[in-house]
Amino acid sequence: MAIHRQTSKMSLYLVWILLGFSLGAPPTDLDLEAFGLENYDDPDSWDLHYNYDDEDEEVKTVAPPTAVTPPPAVVVPENYVEEVTLPPRPTKSPVPSTLDFKAPGLFGPDTGLGMPTCLLCVCISGSVYCDDSDLTHIPPLPKETTHFYARFNKITEIKATDFINLNQLKRIDLSGNLIGKVNEDAFRSLLQLHDLMMADNNIQALPELPASLKHIDIRNNKLRSSGMHSEAFKEMKDLQFLYLSHNKLDYIPVPLPESLRVLHLQNNNIQSITQDTFCNSHDKNYIRKALEDIRLDGNPVDINLYAQAYFCLPRLPVGTPV
């Protein structure tokens, strides 16, 4: 039992020494003889006190951590544009075009310039606009053309084939060109033509015109009476406006249809008027109600000499001799 007790004391001593080292106590001189086996039964022999006043210990303070300076703020210029590299776009296999430029009705027939008419001109719902396009001839038109405008160009001739097979054509306006020749068959087949406008050209003779016309404008040309068909306007049952001023006509083109409302013949070479020019000398009750605007001024005819020629008119003609 005594040996066992001594062994326990020795173990306790070793634990205490290790605990002292772990607590960071300064080393001290130990009296090993005082801790002999014979003295383990005497607790008074243990000197466990340490005098800290015997040594001058320098107390040091831990330096504060080094201050970390934050990086300067980034100032973005006003005109700065960030460049972003976009990923490449996926490539697609090219799709073959399905447009057929020679197909009828798409861009019209090809012109002499090697391009379709509706690319040279403007085509909108049956109307073809070729105004001021430096044309020297009438371009081939789509079959669906209803209105054709080619004003202020340099066209010199209207050929027989220019309007062939254009059965839906209702209006032709060729004002302001250099037209001097019109083929006799140029308008013959246009059975739906309502308006024929060819003012300000060099026309000397008119071909046969379709009876469907309602509006004819041949002002400012070189048209002569000898260049017109006999009774040229007789069968035009719907003709309302006939402008023939500033030409070289020698007489009024009779007979005039009953539907006529406006007749302008000023500045021609008309020298006489007959009793049947506007009225029916055999029917004193006849009244021409529609014809309200007659211009004969600028002609060598004195309208005051033909009072019997106006009795059927709602208004007298306007005109003074040259």
Side-chain angles (χ1 to χ4, degrees), residues 95-223 236 238-247:
V95 179
S97 175
T98 58
L99 291 179
D100 182 4
F101 287 90
K102 295 184 178 180
L106 182 60
F107 290 104
D110 289 341
T111 67
L113 299 177
M115 63 186 303
T117 296
C118 291
L119 293 181
L120 176 65
C121 306
V122 177
C123 300
I124 303 175
S125 287
S127 296
V128 180
Y129 298 89
C130 300
D131 293 345
D132 200 9
S133 300
D134 289 330
L135 298 179
T136 57
H137 62 277
I138 296 174
L141 301 175
K143 291 183 179 180
E144 299 80 12
T145 303
T146 58
H147 295 71
F148 174 56
Y149 300 87
R151 297 167 291 193
F152 316 116
N153 283 285
K154 301 174 183 178
I155 300 171
T156 59
E157 181 182 0
I158 301 178
K159 301 176 182 178
T161 56
D162 285 340
F163 301 110
I164 193 171
N165 296 326
L166 297 176
N167 300 326
Q168 302 181 42
L169 197 57
K170 296 180 180 181
R171 184 182 182 94
I172 297 174
D173 195 341
L174 296 170
S175 303
N177 278 274
L178 304 174
I179 300 171
K181 181 179 180 181
V182 182
N183 188 276
E184 183 63 29
D185 296 324
F187 309 117
R188 190 191 300 273
S189 62
L190 304 179
L191 302 181
Q192 296 192 46
L193 188 64
H194 293 164
D195 305 315
L196 179 59
M197 325 295 286
M198 295 191 295
D200 302 311
N201 280 282
N202 298 318
I203 298 172
Q204 300 182 31
L206 285 179
E208 181 179 350
L209 301 177
S212 58
L213 284 171
K214 297 180 180 180
H215 188 168
I216 300 175
D217 189 352
I218 316 291
R219 293 174 295 171
N220 262 349
N221 277 275
K222 300 178 180 179
L223 184 60
M236 298 181 184
D238 296 320
L239 184 63
Q240 299 183 37
F241 306 94
L242 181 56
Y243 298 101
L244 299 172
S245 60
H246 295 86
N247 278 284

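- Between Tyr149 and Tyr129, the ring-plane angle classifies as parallel under the 30° and 60° cut-offs.
- Nearest heavy-atom pair across Pro207 and Val182 is CG-CG1, 3.5 Å.
- Rounding to the nearest 0.5 Å gives a distance of 10.0 Å between CG of Asn220 and OG of Ser175.
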Please report the C-alpha distance between Ile138 and Phe148 in whole Å, then the side-chain angles of each, then the deciding distance to 0.1 Å, and finally whether the side-chain contact (heavy atoms from CB on, under 4.5 Å) criterion is met. CA-CA 10 Å; Ile138 296 174; Phe148 174 56; 3.8 Å; yes
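- Residues passing the salt bridge (Lys or Arg N to Asp or Glu O under 4.0 Å) test with Arg151 are Asp131, Asp173, sequence neighbours excluded.
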Run Lys154 and Asp134 through side-chain contact (heavy atoms from CB on, under 4.5 Å) and show every step you take. CA-CA 6 Å; Lys154 301 174 183 178; Asp134 289 330; 3.8 Å; yes
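- The minimum heavy-atom distance between Ser212 and Leu193, with the atom names listed, is OG-O, 2.6 Å.
- Atoms NZ and CD1, from Lys181 and Ile203 in turn, are 13.5 Å apart once rounded to the nearest 0.5 Å.
- Side-chain atoms of Gln204 and Lys222, non-hydrogen and from C-beta on, do get closer than 4.5 Å to each other.
- Separating the NE2 atom in His147 from the OG atom in Ser125 is a distance of 11.0 Å, to the nearest 0.5 Å.
- The shortest heavy-atom contact between Ile158 and Ala186 is CG2-CB, 3.7 Å.
- Shown here for Ile179 and Asn201, the closest heavy-atom pair between the two residues is N-OD1, 3.0 Å.
- One distance of note links CG of Leu178 with CD1 of Ile155; it measures 9.0 Å at 0.5 Å rounding.
- Between the side chain of Asn177 and the backbone N or O of Leu135, no donor-acceptor pair lies under 3.5 Å.
- Looking at Ser133 and Asn153, their side chains come closer than 4.5 Å, going by heavy atoms from C-beta outward.
- Annotation: the span from Ser245 atom OG to Leu223 atom CG amounts to 11.0 Å, rounded to 0.5 Å.
- Between Leu190 and Ile172, the closest side-chain pair of non-hydrogen atoms falls below 4.5 Å.
- Considering all non-hydrogen atoms of both residues, Asn247 and Arg219 come closest at ND2-CA, 4.2 Å.
- Side-chain N or O atoms of Glu184 include one that pairs as donor or acceptor with a backbone N or O of Glu208 at under 3.5 Å.
- Screening residues 192-205 for salt bridge (Lys or Arg N to Asp or Glu O under 4.0 Å) gives Arg171-Asp195 as the qualifying pairs, with residues at least two apart or on separate chains.
- Met236 and Ile216 make their closest contact through SD-CD1, 3.9 Å (heavy atoms, listed as atom of the first residue, atom of the second, distance).
- Taken from CD in Gln168 to CD in Glu144, the straight-line distance is 6.5 Å, to the nearest 0.5 Å.
- A salt bridge links Arg188 with Asp185: the closest approach of a Lys/Arg side-chain nitrogen to an acidic carboxylate oxygen falls below 4.0 angstrom.
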